[in-house]
Amino acid sequence: MSFHNYTDALQWIHGTLRMGIKPGLMRMEWMLAKLDHPENKNKWVHIAGTNGKGSTLTFLRNILEQSGYRVGTFTSPYIEIFNERISVNGIPIVDEMIVRLCNRIKPLADELDKTEFGHPSEFEIITVMMFLYFAEYDNIDIGLVEVGLGGRLDSTNVITPLISVVTTIGMDHMEFLGDSLQSIAKEKAGIFKKHVPIVSGVLQPEIRAMYKEKSVSYQSDLYQLSTNFFVKKQADEMFNYRTSNQEIRDIEVGLIGDHQLDNAAVAIKTSELLQASGFAITEDAVKQGVKLAKWPGRMEQVNNSPLVFLDGAHNLEGMQVLVNSAIKFRGSPVKILFTAMRDKAFVEMIDLLKRIEDVEIVLTTFDYPRSLTVDEINQIANTNNIASVENWEDTLKSWIKGGGEEIILVTGSLYFISEVRKKLLKH
């Protein structure tokens, strides 16, 4: 059977979600071998981390674009449309290409299903689509690849990149990565390769020490934030970047929050190492790229009066960062619409949100397989002394219609942010 339209192709891809998450690289290696190893046809930067992967990737993409390069990106999850997961210079691939790639890959998936390895997962299929697209259907100068989950056993970990990047380490996906920071950090370090330089934005001393050891065993140069390169905040969304032999002053950052200064610095360090690999990148391109960076759903302002922000703080570390960023709202009442996936630490996330000054928190749910049920949100809201609503859309509409001085913040699951964003930006 072949696909004749985008809807059927997408249904097939999403239908494989029921195969679940399947850690391990044997299915990827099998499919890529059948396709003559498209993953070896391009240059790559590989980006892992608990939070900050997407932001770091968008800073780096913009720096490279400002330098005149054609940049492929692979990101997840998507915020506006599925196709954006595979993009070139920020433009998602077209629907017809999704159909064509699915027609190439479905016969392989069916054949693989009959082997001991079993059918590939949704993420494996999308990852193979990306490698195939950049190898055979488009010409890119470099691809920036975001790890899906963990690192060591992630579907993307079949490449030998020019640089391996780890942004941050926090507690997330413990059912797959282990229940300690050390075990999670070790899984992320699974993307390190022999003689491939490593850039790290990780701040925990014990993990920094572990990464130092690993870099020695891989004979890879390691560049750590606050050891080999430094951030000095000058103002909100502005900093100086410094290494032992250079300084770039007054860098404006296109994304909101102090954590984005660190992500921008990691991207700048990575761009410096790309220069050593032959990429021509000027200081002007660095400053322009960091300034122009936009990443949907990351403290994104989507309405002016009242002020409405969307932020996909979908785990504890992300929520802590959001609460830190909310200091800038001090003096205004804050209304928060929040939901999380059933497998997240939502009670602890609610506790963090309560630390925001003059805050009203409303828990909700939305149509997604892993989301909380109506009964669950009512029970959680009761126990945690906050409000709950079943219909987030009506609540948000009435808040916005009411206007006023309050700041509205929609946060939690990125899948939820994607839904909200579609509705808000449609009008």
Side-chain angles (χ1 to χ4, degrees), residues 1-35 38-39 73-87 92-137 145-150 153-158 173 175-176 312 314 339-344 365-373 413-422:
M1 163 198 157
S2 63
F3 303 107
H4 299 294
N5 62 60
Y6 176 73
T7 307
D8 290 348
L10 216 52
Q11 267 179 344
W12 173 67
I13 294 169
H14 292 326
T16 60
L17 188 56
R18 64 190 163 73
M19 310 287 176
I21 292 167
K22 296 179 162 187
L25 297 175
M26 53 280 184
R27 285 171 301 280
M28 284 298 298
E29 285 161 352
W30 188 95
M31 286 188 286
L32 293 168
K34 293 273 184 183
L35 292 165
E39 78 281 13
T73 53
F74 183 59
T75 56
S76 58
Y78 63 91
I79 295 293
E80 293 174 285
I81 54 164
F82 172 83
N83 306 32
E84 77 195 42
R85 298 182 75 161
I86 305 169
S87 296
I93 68 172
V94 296
D95 293 357
E96 297 73 29
M97 189 50 68
I98 298 282
V99 176
R100 192 184 291 191
L101 291 166
C102 284
N103 281 327
R104 290 278 304 271
I105 291 162
K106 187 179 188 297
L108 286 182
D110 292 344
E111 195 183 333
L112 183 56
D113 192 26
K114 297 187 176 80
T115 72
E116 62 192 298
F117 302 132
H119 199 282
S121 69
E122 180 191 43
F123 190 68
E124 287 169 334
I125 287 165
I126 300 164
T127 308
V128 173
M129 285 169 68
M130 175 269 297
F131 285 131
L132 188 58
Y133 178 72
F134 291 143
E136 295 187 20
Y137 297 99
V145 175
E146 190 185 308
V147 167
L149 192 158
L153 299 175
D154 187 73
S155 311
T156 62
N157 199 26
V158 289
H173 299 300
E175 68 276 33
F176 298 105
H314 60 285
T339 192
M341 294 298 173
R342 196 181 281 120
D343 55 351
K344 298 289 179 175
T365 187
F366 70 115
D367 184 20
Y368 192 77
R370 283 165 46 218
S371 63
L372 297 161
T373 65
S413 158
L414 276 165
Y415 297 102
F416 177 55
I417 297 300
S418 174
E419 286 295 303
V420 175
R421 197 172 185 280
K422 269 181 220 147

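Listed by chain and number, the residues in a salt bridge (Lys or Arg N to Asp or Glu O under 4.0 Å) with Arg421 are Glu80, Glu300 (sequence neighbours excluded). In this structure, the salt bridge (Lys or Arg N to Asp or Glu O under 4.0 Å) partners of Glu111, at least two apart in sequence or on a different chain, are Lys34. Remark: Asp95 pairs with no residue by the salt bridge (Lys or Arg N to Asp or Glu O under 4.0 Å) rule, at least two apart or across chains. In terms of the ring-ring contact (aromatic ring centres under 6.0 Å, His included) criterion, Tyr6 has no residue partners (sequence neighbours excluded). Taking the side-chain contact (heavy atoms from CB on, under 4.5 Å) definition, one finds that Glu136 meets it with Arg104, Leu132, sequence neighbours left out. Glu419 meets the salt bridge (Lys or Arg N to Asp or Glu O under 4.0 Å) test with Lys422; sequence neighbours excluded.
What you find for Ala135 and Pro38 is that their closest heavy atoms are CB-CB, 3.5 Å. Shown here for Leu25 and Leu153, the closest heavy-atom pair between the two residues is CD2-O, 4.0 Å. Closest approach of Phe82 and Leu10 over heavy atoms only: CD2-CD1, 3.3 Å. Shown here for Ser121 and Glu124, the closest heavy-atom pair between the two residues is N-OE1, 2.7 Å. Considering all non-hydrogen atoms of both residues, Thr127 and Ser155 come closest at OG1-CB, 3.7 Å.
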- Item | Ser76 and Phe123: CA distance, side-chain angles, deciding distance, side chain to side chain contact (heavy atoms under 4.5 Å, CB included) verdict | CA-CA 9 Å; Ser76 58; Phe123 190 68; 4.1 Å; yes

- Task: Begin with the C-alpha distance, continue with both residues' side-chain angles, and end with the deciding distance and a verdict on side-chain hydrogen bond (donor to acceptor under 3.5 Å, both in side chains) for Asp8 and Asn5.
- Result: CA-CA 6 Å; Asp8 290 348; Asn5 62 60; 3.3 Å; yes

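A donor-acceptor contact shorter than 3.5 Å links the side chain of Arg342 to the backbone of Ser371. The backbone N or O of Leu372 lies less than 3.5 Å from a partner atom in the side chain of Thr365, making a donor-acceptor pair. The backbone N or O of Ile79 lies less than 3.5 Å from a partner atom in the side chain of Ser418, making a donor-acceptor pair.
Contact annotation: the side chain of Asn83 never approaches that of Tyr78 to less than 4.5 Å [non-hydrogen atoms, C-beta and beyond]. Between Ile86 and Met97 the shortest side-chain heavy-atom distance does not fall below 4.5 Å. The shortest side-chain heavy-atom distance between Phe131 and Met31 does not fall under the 4.5 Å cut-off. Contact of the Gln11 side chain with the Phe3 side chain is not registered, since no non-hydrogen atoms from C-beta on lie closer than 4.5 Å. Side-chain contact between Leu101 and Tyr137: present, with at least one pair of heavy atoms (C-beta onward) separated by less than 4.5 Å. For the pair Phe366/Val420, no side-chain contact is recorded, criterion being any heavy-atom separation below 4.5 Å from C-beta on. Side-chain contact between Ile13 and Ile98 is present, with at least one heavy-atom pair separated by less than 4.5 Å. Looking only at side-chain heavy atoms (C-beta outward), Thr16 and Pro120 stay at 4.5 Å or farther from each other.
If you take NZ on Lys344 and OG1 on Thr339, they are separated by 12.5 Å, rounding to the nearest 0.5 Å. The structure places NE2 of His4 at 8.0 Å from CG of Asn103, a figure rounded to the nearest 0.5 Å. The CD1 atom of Ile125 sits 10.0 Å away from the CG atom of Leu108 when rounded to the nearest 0.5 Å. Taken from NE2 in His119 to OG1 in Thr115, the straight-line distance is 10.5 Å, to the nearest 0.5 Å. Atoms CD and CZ, from Glu84 and Phe74 in turn, are 12.0 Å apart once rounded to the nearest 0.5 Å. Residue His14 holds its NE2 atom at 7.0 Å from CD1 of Ile126, rounded to the nearest 0.5 Å.
Under the 4.0 Å criterion applied to side-chain N and carboxylate O atoms, Lys106 and Asp110 are assigned as salt-bridge partners.
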